[in-house]
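Proteins come first, then strands; the chains are lettered A, B, ... in the order of their sequence lines, and each starts at number 1.
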Amino acid sequence: MAASSHLSLRPLPGHNRPIFRSICRPVLCAADRQALFNRIAPVYDNLNDMLSLGQHRIWKRMAVSWSGAKEGDNVLDLCCGSGDLAFLLSEKVGPKGKVIGVDFSKEQLSVASSRQHLRSKACYNNIKWVEGSALDLPFSDCYFDAITMGYGLRNVIDFRTAMEGMYRVLKPGSKTSVLDFNKSTGTLATSIQEWMIDNVVVPVATGYGLEKEYKYLESSIQEFLTGTDLEKLALEAGFANAKHFEISGGLMGNLVATR
Amino acid sequence: MVRVSRALLKDGGLGISKTLSEILVCPLSKQPLRICEERNSLISDAIGVSYPIVDGIPCLVPNDGKIIDNNDMPKPEGAVDSPDEKGMSRGSV
């Protein structure tokens, strides 16, 4: 899997596409990232709450709103992790709709499934979990009415393939809403982001024995794309339009792309 | 005995719903999958690969797929052996 992931970083012969990430090697290969998310699964939800002071819940509600998901829709939450976005989508689409949560981490899906069974709302029965890769989505073309991807795209080894996959499985006219850290350079937001990771995130994670895993966060943001580059990538993948919104003072960003 | 096992698979949450199996396709070939209840897996007949279902969650990361040994795997109803089947060799996914 790691070898094929490296091959996918180079352009295909005869294709004059701009190359993203051709200069820097990814800090972790796909298998290492999968293992990382398996390791942090037991404390992932608690750390999200603690490190964002609960704000991640607001950002995720915004992401779901931007996706345009509505009652009765079939929707996909890609890189669903422990299921935060899937549960929000479930409430939006209701019992006549369907939510599929896809993640490559068995442990994260196990947490998601447990949370589903613990929650009392009947509408959560409309969520199904699938272990899958964002690079090889196990769905037919033009199937979903909306897609969300929260803090997932940055962790995928090949942004272009993931974007093209989302385009393929979306119905024409439907949207993908991609929430993640905002990558920008030389701004106050970047300085605050770096300071928080060095002085808050990593020390707190160290207390859980996960220093190395959360140090990966900083390098993954450095390797990520800016809002402008994300818009460009979405358009190159075939989306009809793409807009990146900065939220929370520029700490976070949300790409909205329409097929 | 088989009927009891099937009921246990569904009630025990080990199997998946028919609705879900109809939504999913093979991650590699993008062709339909069929449930194999005996092996608790999803079969891609297009490329001869089976994907496991673990605790009710289908595992459809390409690396999860296993090439099917045609002598072991029960065939779908109505399927006929092709002349080439016995000569097929194993490969890796």
Does atom CZ (A:R119) have a neighbourhood of more than 12 heavy atoms from anything else shown, all under 6.0 Å?
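Yes, CZ of A:R119 has more than 12 neighbouring heavy atoms, counting only those of other groups under 6.0 Å.
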Tell me if the NZ atom of A:K60 is crowded by more than 12 foreign heavy atoms within 6.0 Å.
yes
Applying a strict 4.5 Å limit to non-hydrogen atoms, the region of A:F139 in contact with chain B is both
Does some side-chain heavy atom of B:P58 sit less than 4.5 Å from a side-chain heavy atom of A:E131?
no
Close side-chain approach of A:Q34 and B:N63, heavy atoms under 4.5 Å:
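No, their side chains stay 4.5 Å or more apart.
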Can you tell me if B:K30 uses its side chain to pair, donor with acceptor, with the backbone of A:L137 under 3.5 Å?
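A pair under 3.5 Å: yes.
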Minimum heavy-atom distance between [X] and [Y], given as atom pair plus value:
X: A:S133; Y: B:V61; answer: N-CG2, 4.1 Å
X: A:W129; Y: B:I57; answer: O-CG2, 3.7 Å
X: B:L60; Y: A:P138; answer: CD1-CB, 3.8 Å
X: B:P62; Y: A:D136; answer: CG-OD2, 3.4 Å

Could you state the interatomic distance from OG (A:S140) to CD (B:E22), rounded to the nearest 0.5 Å?
11.0 Å
With rounding to the nearest 0.5 angstrom, report the SG to CG distance, B:C59 to A:L109.
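The SG atom of B:C59 sits 8.5 Å away from the CG atom of A:L109.
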Check each atom of B:S29 against the heavy atoms of chain A and say whether the ones under 4.5 Å are side chain, backbone, both or neither.
neither
Do you know which of B:L24, B:L20, B:I23 has the most heavy-atom pairs with chain A at a distance under 4.5 angstrom?
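Of B:L24, B:L20, B:I23, B:I23 has the most heavy-atom pairs under 4.5 Å with chain A.
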